[in-house]
Amino acid sequence: MKRIIFILLVHLFFFQEAMATKNSRSICYLKDRLFMQQVNDINLNPQDYKNKIIQIEGFFAKYIDENKVERYAVFRKTAGCCGNDGMAGFEFEYKKGKLSFEQDEWILVEGLVKEKRMSGYNHIYLEASSVSKKKQGNKPGFVF
């Protein structure tokens, strides 16, 4: 009898652990009102977002880095000083193929926060699971 109870407890423990792992990925949608603060918090505390799916809307950007690798970004324009407006957002990697959006097209990116060491510093980016064109509607391109 003790043996059966032990086996049941072991199975119950592993089942609960598997369910906890499955449900540990929550979605964090970067909303318009606190956009810059959320982007900043993710960059400062990437470990807090390790198992969260990030959804972010913004302008699409594509550029070629110094190693001739095509890179993507999703961003919003921010107020700056002296004609030097800024941007807030993330670079993202999309391993399911090349993206063919136009520069500054409004997109929705969904992915996980990742971190890698590059040129002596930690680089925070999104590993995108999906990227789709989205209608911008009334949403401002600028965040304050």
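From a predicted model like this one, the values you see are computed outputs, not experimental measurements.
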What is the minimum heavy-atom distance between Ser129 and Lys96, and which atoms define it? O-NZ, 2.8 Å
Might you work through the side-chain contact (heavy atoms from CB on, under 4.5 Å) test for Arg71 and Lys62, ending with a clear yes or no? CA-CA 6 Å; Arg71 298 202 176 268; Lys62 176 173 60 172; over 6 Å; no
Taking only distance into account, with no hydrogens and no angle test, what donor-acceptor pairs under 3.5 Å do side-chain atoms of residues 107-117 form with protein atoms, sequence neighbours excluded?
{"residue": "Glu110", "atom": "OE1", "partner": "Gln55", "partner atom": "NE2", "Å": "2.5"}
{"residue": "Glu115", "atom": "OE2", "partner": "Asn122", "partner atom": "ND2", "Å": "3.1"}
{"residue": "Lys116", "atom": "NZ", "partner": "Glu93", "partner atom": "OE2", "Å": "2.8"}
{"residue": "Arg117", "atom": "NH1", "partner": "Asn122", "partner atom": "OD1", "Å": "2.9"}
{"residue": "Arg117", "atom": "NH2", "partner": "Gly120", "partner atom": "O", "Å": "3.0"}

Between Leu99, Ile56, Ile54, which is the residue that forms a side chain to side chain contact (heavy atoms under 4.5 Å, CB included) with Phe92? Leu99
Restricting to non-hydrogen atoms, name the atom on Ala128 and the atom on Val131 that form the minimum distance, rounded to 0.1 Å. CB-CG2, 3.9 Å
Is any side-chain heavy atom of Arg76 less than 4.5 Å from a side-chain heavy atom of Met87? no
Any chance the rings of Phe75 and Phe59 have centres within less than 6.0 Å? yes
What pairs with Lys98 under salt bridge (charged side-chain N to carboxylate O under 4.0 Å, His left out), at least two apart in sequence or on another chain? Glu70
I'd like to know if Tyr94 and Tyr125 are part of one continuous hydrophobic network [Ile/Leu/Val/Met/Phe/Trp/Tyr, side-chain heavy atoms within less than 4.5 Å]. no
For the residue pair His123 and Tyr121, categorise the inter-ring angle as parallel (less than 30°), tilted (30 to 60°) or perpendicular (more than 60°). perpendicular
Taking Asn40 for the side chain and Met36 for the main chain, is one N or O donor matched with an acceptor at less than 3.5 Å? no
Taking side chain as C-beta onward, heavy atoms only, is Glu57 less than 4.5 Å from Phe35? no
Assess whether side-chain contact (heavy atoms from CB on, under 4.5 Å) is satisfied between Leu30 and Phe90, documenting all intermediate values. CA-CA 12 Å; Leu30 276 59; Phe90 293 100; 4.2 Å; yes
With side chains defined as the heavy atoms from C-beta onward, is the minimum distance between Asn45 and Gln47 less than 4.5 Å? yes
Working to the nearest 0.5 angstrom, can you tell me the gap between Ile42 CD1 and Lys52 NZ? 9.0 Å
Taking the six-membered ring for Trp and the single ring otherwise, decide whether the centroids of Phe60 and Tyr72 are under 6.0 Å apart. yes
Side chain to side chain, Glu91 and Ile124, heavy atoms closer than 4.5 Å: no
Distance from Lys133 atom NZ to Glu102 atom CD, nearest 0.5 Å? 8.5 Å
Donor-acceptor under 3.5 Å (Asp65 side chain, Asn67 main chain): yes
